[in-house]
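A short write-up of the structure that comes next.
Just so it is clear, the values below take in all heavy atoms, side chains as well, and ignore hydrogens, waters and symmetry mates. Labels below follow one simple rule: chain letters A, B, ... track the order of the sequence lines, proteins then strands, and each chain is numbered from 1.
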Number of protein chains: 2
Amino acid sequence: MEHSERQWPFGRQAVIGLLTEYGIQPTQQRVDIAGILFDHPQHMSADQVLTCVNKSRPTVSKATVYNTLGLFAEKGLIRQVIVDPNRVFYDSNNLEHHHLYNIDTGKLVDIPVGHLKVEGLPELPHDVVAEGVEVIVRVRNKPTRLFP
Amino acid sequence: MEHSERQWPFGRQAVIGLLTEYGIQPTQQRVDIAGILFDHPQHMSADQVLTCVNKSRPTVSKATVYNTLGLFAEKGLIRQVIVDPNRVFYDSNNLEHHHLYNIDTGKLVDIPVGHLKVEGLPELPHDVVAEGVEVIVRVRNKPTRLFP
DNA sequence: ATTGGTGCAAAGGATTTGCAGTCTA
DNA sequence: TAGACTGCAAATCCTTTGCACCAAT
């Protein structure tokens, strides 16, 4: 089952079910972390997750956040999005989609596959297998006109 | 002028001309670094450049390599390619193109725009301007079959 | 009991920065 | 000579690791 079939936001029970489906033992801190990611489809850096999960009271350590996000990504529960050299984002939207990245603000937005198509991909060398095709549209803020 | 109109490999004089065109003062080490990048179209990490430029004899420090690559990218002479969370690649191919990245080997290969097309991009918000559209095809080595 | 998970602090690697010395125009 | 550019080392930032403790089966 693809978790996108479920309803957002995921409740605590749904999150536990989700982890289990992906072969991840649902421990306290893993559920806490997943609970944040799956509140709604979003992109977060490890640091944002750390801050957010410990907002009410410190429950999860930095190392655990990194380990957990790494685990989630490895299991296919979330996706790493690499658009900024300074940090990795983790994406809880499991539907196929692409990204729009604002270089100035660091804001990352989904582009649904919708009618966006990539055509004419070259043949792959015979010794490799495709892992994914990603389209990244980079934008920056429109500069304020100095001379209108 | 787009530097891709020139001939590869760029000779030392052509490199100096190139830097000048891009408003970059052609100092000794900048020319050395650019000389490597523009020997042929390629992707290199800062570390690779550092190693390569100092192959014959140490001429450039690590800090200068980073600063210089940053400057080149800022001036539009080369492009940053962000496909690996562990390092940034710098791309001396100025023609529009996309990338094929082998996660296992870390090898990065160009995909000429040729017949590859991206269609159906959504409209951009009014307050931003497009900086570039990039397609990244990620592949990994075909696993050795344990049970053929 | 055994296995797996977590926290903490220390280690690591990539990149940046501060500052004094050096080069260029 | 003034302004730019470099080198070096120290400083940062993000991320991973080592290891002892805790939790669940």
(message) B:Asp127 vs A:Arg140, test: salt bridge (Lys or Arg N to Asp or Glu O under 4.0 Å). Steps then yes/no.
(response) CA-CA 9 Å; B:Asp127 56 341; A:Arg140 56 173 68 255; over 6 Å; no

(request) Please test A:His43 against A:Asn93 for side-chain hydrogen bond (donor to acceptor under 3.5 Å, both in side chains), starting from the C-alpha separation and ending with a verdict. (result) CA-CA 8 Å; A:His43 317 88; A:Asn93 180 354; over 6 Å; no

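- Looking at the side chain of A:Gln25, the nearest of the listed nucleotides C:dG5, D:dC5, C:dT15 is C:dG5.
- Distances from the side chain of B:Ala46 to the nucleotides C:dG7, C:dT6, C:dT15 place C:dT15 closest.
- Of all nucleotides listed (D:dC5, D:dG7, D:dT17), D:dT17 comes nearest to the side chain of A:Asn67.
- Residues in residues 117-137 of chain B take part in no ring-ring contact (aromatic ring centres under 6.0 Å, His included) pair, two or more places apart or across chains.
- Residues B:Asn86 and B:Val60 each lie close to DNA chain D; by heavy-atom proximity, the contact nearer the 5' end of the strand is made by B:Val60.
- Side-chain atoms of B:Ala63 lie closest to D:dA9 of the nucleotides C:dT6, D:dA9, C:dT15.
- Across C:dG7, D:dT6, D:dT15, the shortest atom-to-atom separation from the side chain of A:Thr64 is found for C:dG7.
- Nearest to the side-chain atoms of A:Tyr66 among the listed nucleotides C:dT15, D:dC14, C:dT6 stands D:dC14.
- Through direct or indirect side-chain contacts shorter than 4.5 Å among Ile, Leu, Val, Met, Phe, Trp and Tyr, B:Ile111 is connected to A:Leu100, A:Val109, A:Ile111, A:Leu116, A:Val118, A:Leu121, A:Leu124, A:Val128, A:Val133, A:Val135, A:Val137, A:Val139, B:Leu100, B:Val109, B:Leu116, B:Val118, B:Leu121, B:Leu124, B:Val128, B:Val133, B:Val135, B:Val137, B:Val139.
- The B:Arg30 side chain lies nearest to D:dC5 when the options are C:dT15, D:dC5, D:dC8.
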